[in-house]
Asker: 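Before we start, here is the structure in question, set down as structure tokens.
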Amino acid sequence: MIRTFDAVIVGGGIVGAACALAFSRQGMRLALVEPAEIGGGATAAAMGHIVVLDDSPAQLALTRYSQLLWREMAGELPRDVEYTQRGTLWVAVDDEEMQEICRKHSVYNANGIPSEIVAGEALVSLEPALRHGLTGGLLVSEDVVVSPQLAAQAITQQALTGGAILVREMAASMKSGVVVLGNGDQLHAPILINAAGEGAPSLTPGLPVAMRKGHLAATHPYPGFLRYQVVELGYLKSAHVTTTDTVAFNVQPRQNGQLLVGSSRQFGVKSREIDDGMLARMYARATEYLPALPSLSIERTWTGCRSATPDKLPLIGPSADDETLFLATGHEGLGITTSLGTAQLLADLIGGTPAIPIGPYSPSRVQPHW
Ligand SMILES: Cc1cc2nc3c(=O)[nH]c(=O)nc-3n(C[C@H](O)[C@H](O)[C@H](O)COP(=O)(O)OP(=O)(O)OC[C@H]3O[C@@H](n4cnc5c(N)ncnc54)[C@H](O)[C@@H]3O)c2cc1C
């Protein structure tokens with residue numbers, strides 16, 4: 001069977017869901033292809049931290065733009081998505097990290113992102129669970145937390161209400177305006193979006209993305225244990241290392257008082273099993289900052305995979321060798337944050353003017369090497 005649409009999106013994670021909503025709001029007839037649970041891939045594994053980061057001007061532009069889009073959407077999200085302006089407290093252990101805090105503070109200030117430097121012992125008044133003796137911190141008050149899979153499902157539901165069609169099949173291939181499904185049906189459209197996360201490279205061979213496994217743990221509820229999402233400044237350094245396994249302290253309180261404890265990064269590990277050694281390293285790191293952490297009981301542990309590009313920016317935009325094919329993948333540890341920005345940039349690229357320059361995310365920057 002052949003069906004025709006204005007656009008076909010493959011992958012119903014947070015990125016595909018956001019694309020479906022942005023495109024349906026432009027009045028396009030579209031199909032979202034997802035054989036499994038909506039948001040059941042990397043999206044379900046995420047912490048749901050909607051965070052502004054400034055590793056590069058392009059990363060800052062996309063994360064902030066996306067965060068503002070989340071804020072606009074907040075009133076339309078059901079309560080169970082738990083959109084919460086939690087704030088991030090970055091903590092520094094020495095003078096070198098404190099210098100980085102000051103640099104971050106001035107970059108955020110220059111870009112209209114509210115942040116406040118917190119001196120040494122004042123950290124413990126803000127977060128009594130933190131150990132004494134930390135050098136200082138930066139409170140970024142507009143960072144947000146959501147429940148990522150429920151957000152993907154709510155966004156998909158809005159797209160379906162707006163007329164999008166959900167196709168419960170695996171895409172076997174997508175090129176030249178045709179998505180062939182596992183059952184042999186064809187979906188034709190002048191615009192195809194590859195938002196298949198971990199599945200994206202098998203649909204677009206040669207895509208320069210590598211999988212980075214991560215572990216998370218959730219404790220039982222301990223209301224009041226933490227107020228902010230608290231992250232070591234070294235998280236940024238550890239997120240950049242590509243040669244060895246890394247862990248960093250990154251703990252998020254949920255609305256019910258549960259704590260999500262992260263984080264770890266491992267390259268080239270295919271197994272989804274919990275690696276007890278990695279989990280122990282991750283917990284030991286977090287305990288260096290939160291000494292009472294081992295006294296809290298763990299409810300659940302899990303792993304997930306981030307899709308990483310070589311330059312740590314996602315691939316958003318047209319493929320150079322197929323004018324019908326657009327990519328929306330490679331978001332590594334920021335795909336929940338940047339999903340709405342990704343979708344809006346693509347929708348504007350196709351039917352308007354993007355609000356921020358899209359060049360830094362364009363697949364053409366890496367495509368010559370495919
Ligand atoms: C441990 C961990 C913590 C994280 N924490 C955060 C965080 O706090 N904040 C943040 O911003 N990001 C975070 N991330 C990153 C975030 O989870 C990802 O960047 C994001 O979920 C990617 O979304 P996606 O839609 O591209 O992929 P996915 O959610 O994986 O969705 C892809 C979908 O495509 C479908 N699919 C695959 N192949 C096919 C095919 N052939 N046909 C049809 N469908 C197909 C899959 O079934 C899947 O549902 C974290 C990631 C991990 C692993």
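If you read the sequence from its start, that first residue is 1, and numbering goes on from there. In each ligand, atom 1 is the first atom listed, and ligand 1 is the first ligand listed.
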Asker: Under the 3.5 angstrom rule, does the side chain of Thr43 hit a backbone N or O of Gly40 as a donor-acceptor pair?
Answerer: no
Asker: Give a yes/no verdict on whether any heavy atom in Ala195 is under 4.0 Å from an atom of ligand 1.
Answerer: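 Checking ligand 1 against Ala195, which is what was asked, there is a heavy-atom contact under 4.0 Å.
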Asker: Any idea which of Gly197, Gly13, Gly11 brings a heavy atom closest to atom 31 (O) of ligand 1?
Answerer: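 Answer by nearest heavy atom: Gly13.
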Asker: Going by heavy-atom distance to atom 44 (N) of ligand 1, choose the closest among Pro35, Ala17, Gly262, Gly12.
Answerer: Pro35
Asker: Before accepting this row, confirm whether a basic side-chain N of the pair Asp311/Arg365 lies closer than 4.0 Å to the acidic partner's carboxylate O.
Answerer: yes
Asker: What protein heavy atom lies closest to atom 47 (O) of ligand 1? Include the residue and the distance to one decimal.
Answerer: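 Result for atom 47 (O) of ligand 1: Glu34 OE2, 2.8 Å.
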Asker: Only heavy atoms of Ile14, strictly under 4.0 Å: list the atoms of ligand 1 that pass.
Answerer: 23 (O), 25 (O)
Asker: Is Arg86 close to Pro253 at the side-chain level, that is, under 4.5 Å between some pair of heavy atoms?
Answerer: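 Side-chain contact under 4.5 Å: yes.
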Asker: Considering the heavy atoms of Val15, write down every atom of ligand 1 situated less than 4.0 Å from one of them.
Answerer: 23 (O), 24 (P), 25 (O), 26 (O)
Asker: Could you tell me the residue and atom name of the protein heavy atom closest to atom 28 (P) of ligand 1, and the distance to it rounded to 0.1 Å?
Answerer: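 Answer, as residue, atom name and distance: Ala42 N, 3.7 Å.
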Asker: Tell me which one of Val231, Leu290, Leu293 satisfies side chain to side chain contact (heavy atoms under 4.5 Å, CB included) with Phe249.
Answerer: Leu290
Asker: Taking 4.0 angstrom as the limit, do Glu299 and Arg254 come out as a salt bridge?
Answerer: no
Asker: I need the atoms of ligand 1 closer than 4.0 Å to a non-hydrogen atom of His49, numbered in the order shown.
Answerer: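 Matching atoms, with element in brackets: 7 (C), 8 (O), 9 (N), 10 (C), 11 (O).
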Asker: Which ligand 1 atoms, with their elements, are less than 4.0 angstrom from a heavy-atom of Val33?
Answerer: 43 (C), 44 (N)
Asker: Suppose we measure from atom 13 (C) of ligand 1 to each protein heavy atom; which comes out shortest, and what is that distance?
Answerer: Gly333 O, 3.2 Å
Asker: So, for Tyr283 and Ala217, which heavy atoms are closest and what is the spacing to 0.1 Å?
Answerer: CE1-CB, 3.9 Å
Asker: Looking at Gly304, which atoms of ligand 1 are within less than 4.0 Å of one of its heavy atoms?
Answerer: 53 (C)
Asker: Indicate if Leu315 and Ile336 have the same hydrophobic cluster label, given that clusters are the connected sets of ILVMFWY residues with side-chain heavy-atom separations under 4.5 angstrom.
Answerer: no
Asker: Side chains of His188 and Thr4: do they bring a donor and an acceptor to under 3.5 Å?
Answerer: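 Distance-only check fails for His188 and Thr4.
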Asker: Test side-chain contact (heavy atoms from CB on, under 4.5 Å) on Thr342 and Ser66 and set out the steps.
Answerer: CA-CA 8 Å; Thr342 298; Ser66 300; 5.9 Å; no
Asker: Show which atoms of ligand 1 fall inside a sub-4.0 Å distance from at least one heavy-atom site of Ala46.
Answerer: 3 (C), 4 (C), 5 (N), 6 (C), 13 (C), 14 (N), 17 (O), 50 (C)
Asker: Flag Ala171 as yes when one of its N or O atoms lies below 3.5 Å from any N or O atom of ligand 1, and as no otherwise.
Answerer: yes
Asker: Please work out whether any backbone atom (N, CA, C, O) or any side-chain heavy atom from C-beta onward of Ala172 is under 4.0 Å from ligand 1, and answer side chain, backbone, both or neither.
Answerer: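 Contact part for Ala172 vs ligand 1: neither.
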Asker: Check contact between Val10 and ligand 1, using heavy atoms of the residue and a distance below 4.0 angstrom.
Answerer: yes
Asker: Heavy atom under 4.0 Å from ligand 1: found in Cys305's side chain, backbone, both, or neither?
Answerer: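 The answer is the backbone.
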Asker: Select one of side chain, backbone, both or neither to describe which atoms of Thr329 lie under 4.0 Å from any atom of ligand 1, heavy atoms only.
Answerer: neither
Asker: Under a heavy-atom criterion of less than 4.0 Å, does Glu332 contact ligand 1?
Answerer: yes
Asker: So, applying salt bridge (Lys or Arg N to Asp or Glu O under 4.0 Å) with Glu198, which one of Arg272, Arg306, Lys270, Arg212 is it?
Answerer: Arg272
Asker: Could you state whether Val145 and Leu89 fall into the same hydrophobic cluster, counting links through intermediate Ile, Leu, Val, Met, Phe, Trp or Tyr residues with side-chain heavy atoms under 4.5 angstrom apart?
Answerer: no
Asker: So, regarding Ala36 and ligand 1 (criterion: nitrogen or oxygen to nitrogen or oxygen, under 3.5 Å), is there a contact or not?
Answerer: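 N/O-N/O distance under 3.5 Å: no.
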Asker: Could you check atom 5 (N) of ligand 1 against the protein and tell me its nearest heavy-atom contact, residue, atom and distance included?
Answerer: Met47 N, 3.1 Å
Asker: Which of the numbered atoms in ligand 1 are below 4.0 angstrom from a heavy atom of Gly41?
Answerer: 29 (O), 30 (O)
Asker: Counting only heavy atoms, tell me which of Thr43, Ile9, Thr342 gets closest to atom 21 (O) of ligand 1.
Answerer: Thr43
Asker: Any idea which atoms of ligand 1 are less than 4.0 Å away from a heavy-atom of Leu203?
Answerer: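 Selected atoms, number and element: 41 (N).
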Asker: Do His215 and Arg281 touch side chain to side chain, with heavy atoms closer than 4.5 Å?
Answerer: no
Asker: Does ligand 1 come near enough to Thr337 that some N or O of the ligand is less than 3.5 Å from an N or O of the residue?
Answerer: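 N/O-N/O distance under 3.5 Å: yes.
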